[in-house]
2 protein chains.
Amino acid sequence: MMGPVRSVTINDIADHAGVSRSTVSLVLRGSSRISKATIDRVNASIDALGYTYNRGAANLRTQTSQAIGLIINDLMNPFFTELTATIEEMADREGYFVYLVQSNEEPARQHKLCMSLLEHGVAGLIVCPATGSSLETFDRLHERRIPVCIAVRPFASDRFDFSGPDNFRAAEIATDALLKRGHRRIAFLGGERGNPSRDDRVAGYFKALQQAGIEYDPALVVESRPSRQSGITDVETVLSLRDRPTAALCYNDFVAISVMHGLRKNGLEPGSDMALIGFDGMPEAEMSHPTLTTVSLHPREIGREAAELVISRIREPNRDVTRRIQTPQLIVRDSCGTAKR
Amino acid sequence: MMGPVRSVTINDIADHAGVSRSTVSLVLRGSSRISKATIDRVNASIDALGYTYNRGAANLRTQTSQAIGLIINDLMNPFFTELTATIEEMADREGYFVYLVQSNEEPARQHKLCMSLLEHGVAGLIVCPATGSSLETFDRLHERRIPVCIAVRPFASDRFDFSGPDNFRAAEIATDALLKRGHRRIAFLGGERGNPSRDDRVAGYFKALQQAGIEYDPALVVESRPSRQSGITDVETVLSLRDRPTAALCYNDFVAISVMHGLRKNGLEPGSDMALIGFDGMPEAEMSHPTLTTVSLHPREIGREAAELVISRIREPNRDVTRRIQTPQLIVRDSCGTAKR
DNA sequence: TAGAGTTGATAGAACGTTCTATCTGCCATT
DNA sequence: AATGGCAGATAGAACGTTCTATCAACTCTA
């Protein structure tokens, strides 16, 4: 019936209210140099005509933007959604809007998304680098001089601000907790080589073993691309060894929960037959059975810092590069062998 | 050190390549009316100068946009993230970009987000209405004549396209499955009155009971705002009854998993001591212990249809309003009483 | 060789804002 | 009565694109 209505602009408001375009613009931005009477008249016209502010046009004129791009790896992972939730809160509070996208851990897609976000005119970017990220992407961002904060995984982070967890320390803490409970054969299940988070965790695990004087057994470190099922095969790999481990670090909480299923599938009880510790501290960990001992990486803190960093760099583009590292924290529950039931 | 670099524009490219602005614009859009030689020259200049396309300026000129706004209730809920993932895939395939935001089930926030998305110039909107949504929000959208698809929960959906599950049928299916297994006292745990999804499910549950000749007992229907813990108190409410239920429908899979914890906390075993069925069909349901019987609402299908509907309406604004209802599907696992171990 | 096409490229206005500079009254001061 | 200052409002250019109309240089045809 009705064709696409030509949108109501600031000019229409001006005509309707009998003032100039400039005046309407000033009213919209709450200028103090306009009289109460005109303000009221303009606002009345705005209501009457059903006006929507065209932020794109304004951004074009002012060469600014109130959007921040956020690239996460996986929307389905609560660690990233918690991170996202905090970033959105912070951004909102500061008057920014978040364009959220997921890279699916694909560097090519990540590159495309970065370019797309630039075209969409973001004022800054928070990127959780995909495993296998190419330097080219970040070179491009750097030469465009766009404020960027790298989050969660340190990649090319000497040139950009960074907010993330201390993965090395996290694995040390977890390994120590298992050692303290008397375990000598401890596996590390899941994660792919080349993913800096995973590699740092393996390094921390190695260091803790070494300090306890335990020889490192490569057969106990199982690599795999994390999925909802991967933990099952990961744990079966170490169950097939002559000398089985009595405990395992799992790359993240997802893997840990899937390892629980793998154990049950093989007639073993998670927690008592094999002690388990995950990483991330996602809320679901508390709802698993047995409840999951995990090293919380404080996604909300990481998100808060990342948002702060990118916003502060938008405002002050030339300040020094800064790194904010969150200290991880062990949350002891039932899966690490102190089962209470 | 370096101030904010004035961005490279189409004019700079034109100067560098020794052609006109119009020519560069045509090259960017892949026009066939430009000679191979000029195309190459222009592309060379684009690479040399490091140009980024300003989509905002183009949108202003063409009065179009390739962005679709998506408002979901809760980023932390896998049902919505699966929905989102499919919508993003579809949008991407059709050349659209998704602006994703969450309403946190707050109508006021939802209203603000709608207005904000309009200002950011989306071509269309997919909204999963928050519980307690005000009609005003949707009136505003309607008078602005912006293409809108309502998803998941039918609200004001006589004026807008809709894609969602058949909640009534879902509850009938679930209730029948429990009746077939011999249960007579079946509870309905979680969800808030006023949430159309929940109300439809309760109605379907009621209908199935009625058809089986079972009298409806209001004490078995427990209302609560769903959270990661709410199922615990929900189930404790019905455990305190003289005549306890032997089975329960849970408002969604989250609630169901939390109900499992509530049962264990009270010394009961989920599945054998109380049969449980959830709704949504989220991937975690397969990873719980016992594995969760659930009615899948096919979030991916709902997302696919929603994306199709909004894109088709962007292209053809005046076609008739359409509704796409997904038929739910029971996925039988261990929690409904057929435990195999 | 004049006219008609065709191919490739272009000038200038337009999209909806904001910014800079300026203007009009009015009041107070001399 | 002339001057200065101030409050409130405005005209016109500008942001980076695309669109409409037009142009210049060829090639083909009769």
Side-chain angles (χ1 to χ4, degrees), chain A residues 4-43 45-46 49-67 116 118-123 144 146, chain B residues 4-43 45-46 49-67 116 118-123 144 146:
Chain A
V5 199
R6 211 189 64 71
S7 63
V8 178
T9 78
I10 217 179
N11 284 302
D12 304 323
I13 305 295
D15 290 350
H16 188 268
V19 296
S20 77
R21 185 173 57 247
S22 314
T23 304
V24 177
S25 175
L26 288 170
V27 170
L28 285 175
R29 286 172 293 150
S31 163
S32 61
R33 304 194 62 80
I34 306 288
S35 71
K36 181 77 170 58
T38 353
I39 291 180
D40 290 345
R41 205 140 36 87
V42 168
N43 282 329
S45 301
I46 287 176
L49 300 188
Y51 167 75
T52 1
Y53 182 69
N54 186 330
R55 203 172 285 276
N59 287 349
L60 174 58
R61 177 62 241 246
T62 56
Q63 301 284 79
T64 59
S65 147
Q66 16 283 321
S116 187
L118 290 188
E119 291 186 358
H120 279 266
V122 293
R144 296 286 195 283
I146 175 139
Chain B
V5 199
R6 210 188 65 72
S7 64
V8 178
T9 78
I10 218 180
N11 284 302
D12 304 322
I13 306 295
D15 291 350
H16 188 267
V19 296
S20 77
R21 184 171 61 245
S22 313
T23 305
V24 178
S25 175
L26 288 169
V27 170
L28 285 176
R29 286 173 294 151
S31 163
S32 61
R33 303 193 61 81
I34 306 288
S35 71
K36 179 80 169 59
T38 354
I39 291 180
D40 290 345
R41 206 140 36 87
V42 168
N43 281 330
S45 301
I46 286 177
L49 300 189
Y51 167 74
T52 6
Y53 183 68
N54 185 330
R55 202 171 285 275
N59 287 349
L60 175 58
R61 175 64 241 242
T62 57
Q63 301 283 81
T64 60
S65 149
Q66 16 283 320
S116 187
L118 290 188
E119 291 185 359
H120 279 264
V122 293
R144 297 284 196 284
I146 176 141

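Every value quoted in this text rests on a predicted model; they were computed, and no experiment measured them. Any value given below was found using the heavy atoms of this structure, including those in side chains, with hydrogens, waters and symmetry copies removed. Chain naming here is simple, since letters A, B, ... match the order of the sequence lines and numbering starts at 1 in each.
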Distance, rounded to the nearest Å, where [X] contributes [atom1] and [N] contributes [atom2]:
X	N	atom1	atom2	value
Asn11(A)	dT17(C)	CG	P	8 Å
Leu26(A)	dA21(C)	CG	P	15 Å
His120(B)	dT17(C)	NE2	P	14 Å
Leu118(B)	dG16(C)	CG	P	16 Å
Ile13(B)	dT17(D)	CD1	C1'	13 Å
Asp15(B)	dA9(C)	CG	P	17 Å
Ile10(B)	dA14(C)	CD1	C1'	15 Å
Leu49(B)	dG16(D)	CG	P	14 Å

As a test of reading the structure: which of [options] is closest to the side chain of [X], going by heavy atoms?
X	options	result
Ile34(B)	dT17(D), dA9(C), dA11(D)	dA9(C)
Arg29(A)	dA9(D), dC19(C), dA11(C)	dC19(C)
Tyr53(A)	dT10(C), dT10(D), dT18(C)	dT18(C)
Ser7(A)	dT10(D), dG16(C), dC19(C)	dG16(C)

Is any side-chain N or O of [X] closer than 4.0 Å to OP1 or OP2 of [N]?
X	N	answer
Ser25(B)	dT18(D)	yes
Thr62(A)	dT18(C)	no
Gln63(B)	dG16(C)	yes
Thr9(A)	dG16(C)	no
Ser35(B)	dA9(C)	yes

Sugar-phosphate only, base, or nothing, as touched by [X] at under 4.0 Å among non-hydrogen atoms:
X	result
Asn59(B)	nothing
Ser22(B)	base
Thr64(B)	nothing
Leu60(A)	base
Ser31(A)	nothing

Side chains of Arg29(B) and Ser25(B): any donor to acceptor distance under 3.5 Å?
yes
Tell me if the side-chain of Arg21(B) makes a donor-acceptor pair with the base of dG12(C), cut-off 3.5 Å, by modelled atom types.
yes
Given the structure, check if the side chain of Arg61(A) and the base of dT17(C) hold any donor-acceptor pair shorter than 3.5 Å.
no
DNA chain C: 5'-proximal contact among Arg33(B) and Leu28(A) (nearest heavy atom):
Arg33(B)
Closest-nucleotide 5' rank along DNA chain C - winner of Ala57(B) and Gly18(B):
Gly18(B)
Any donor and acceptor pair, going by atom type alone, linking the side chain of Ser45(B) with main-chain N or O of Arg41(B) inside 3.5 Å?
yes
